[in-house]
2 protein chains.
Amino acid sequence: MRTLVSGMAPGSPAPSERELVSQFGVARMTVRQAMDALVVEGLLERIPGKGTFVARPRRTASAITSYTEEMARRGMLAESVTLLARREQAGPGVARALAISEGEPIVHWRRLRRADGAPMCLEDAYLTESLLPGFLHAQLPTSLYDALEQRGLRPTWAEDSINADLCHGDEAGHLDIDAGAAVLRHSRRALSGDKVVMVSRSVYRADRFTLWVQIGRDA
Amino acid sequence: MRTLVSGMAPGSPAPSERELVSQFGVARMTVRQAMDALVVEGLLERIPGKGTFVARPRRTASAITSYTEEMARRGMLAESVTLLARREQAGPGVARALAISEGEPIVHWRRLRRADGAPMCLEDAYLTESLLPGFLHAQLPTSLYDALEQRGLRPTWAEDSINADLCHGDEAGHLDIDAGAAVLRHSRRALSGDKVVMVSRSVYRADRFTLWVQIGRDA
DNA sequence: TAGTGGTCTAGACCACTAT
DNA sequence: TAGTGGTCTAGACCACTAG
């Protein structure tokens, strides 16, 4: 069904409901229900009396994006250096956030994120190991979100918390700023459906990074 | 239809579809469509094989909220002191954000926001005066969003930007923190439909405030 | 086993748009 | 006037839940 829409240009007309009825030999209500799903997803747009059309993509601001995607949107080149990638046992905080038991095996992945060559952010990601068998033994992926997607665990939504702080001494060197400079601390709990897929804590250089959020409108 | 749900406790069962069919003498598809709307709105929840139930209110994180509402959600008492409320001419930055011409009259409203008695945030709100005739001559409202709502200008969505900074000297006294302490700077462009209704810049004490955002899921 | 929601059929009439 | 989506009817079978 969605293949009918996949490659079409925004604004171009979709087949009419009655057309699909005769084409597939199903009832019109059935066609409507199938199309309803695409309308809700924002792929189709119905105009009474005129027809059904491929919708213009809605604003993508509040969609969940990876660091790489986010920097691409800013026209910056994203790079990452892995500082640490190992198996650990979940401490109390991470265990609670991941909705697992304390002491269960997790993957801890720390990366320095660069943008246009200069440090932007220091990120610690924590993942439930049992969801990602063999993750550390294979080559580490370029994009964590892509790797999750390949396992059917693409985050569909996230709970983020953001606050301001002063840069700690142990972070300053990595970020190439002075201790005491302003930083933005960003925590994310990323979920795929009901499953907590990843928890992360990031420290962004405030002089290079402003977070943009769109609120109260579809993604 | 929605009166069937209005006063009911979350989790309590709604009448079954077939029950409503015989009660109202309509077809089941009709009942389903009416209920579908409520399900999409998040008022009802269907559980196959069990029934339809009044949904627990979904997380409201990505709905646009006022300061007062936000603090209430944190269980804190919100208060505001007006530091400045006057007519000004739009400077270049505010004019662009409000989508008006430079020099057009605006309302500038500066408030110190308190929570549980202590300073939390310093907010400068800018509004297009022509949208709010007589705003400054009447008594200033307790809630800006309520005042906008009464004029049919309740913000339905907003573009926010958030970054970290160090507290400036002129802000420190109001916020009762030291200059150089970490603060969260929050800018908002609030829209009602296509109309820009308000632009604001806020400075939050980082030691008292963490922003929570939910991304990629309905409000 | 009875009741529930999920899905589907094969029609129907309406308001609206375009020609 | 023909075609579109919006809504509705009066059934039907299915998978699932619960007693």
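Chain letters run A, B, ... following the sequence lines, proteins first, then strands; residues in each count from 1.
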Nucleotide forming a Watson-Crick or wobble pair with D:dG11, both distances under 3.5 Å: C:dC8
5' priority, DNA chain C, between A:Val26 and A:Gly49 [closest heavy atom]: A:Val26
Short side-chain N/O contact to D:dT4 OP1/OP2 from A:Ser16, under 4.0 Å: yes
Phosphate OP1/OP2 of D:dG6: any A:Arg32 side-chain N/O under 4.0 Å: yes
A:Arg87 side chain to A:Leu136 backbone, donor-acceptor under 3.5 Å: no
Presence of A:Lys50 side-chain N/O under 4.0 Å of D:dG5 phosphate oxygens OP1/OP2: no
C:dT9 phosphate, OP1 or OP2, under 4.0 Å from A:Thr30 side-chain N/O: yes
Short side-chain N/O contact from A:Thr52 to OP1 or OP2 of D:dG5, under 4.0 Å: yes
Nucleotide forming a Watson-Crick or wobble pair with D:dT17, both distances under 3.5 Å: C:dA2
For atom CZ of B:Phe53 and atom P of D:dT17, their distance in whole Å: 12 Å
Aromatic plane relationship, B:Tyr67 with B:Tyr204 - under 30° parallel, 30 to 60° tilted, over 60° perpendicular: tilted
Check against salt bridge (Lys or Arg N to Asp or Glu O under 4.0 Å), B:Arg74 and B:Glu70: CA-CA 7 Å; B:Arg74 293 162 191 246; B:Glu70 182 58 37; 2.9 Å; yes
Spacing of A:Ser161 atom OG and A:Arg201 atom CZ [to the nearest 0.5 Å]: 9.5 Å
Distance in angstrom units between B:Leu20 CG and C:dG3 C1', rounded: 14 Å
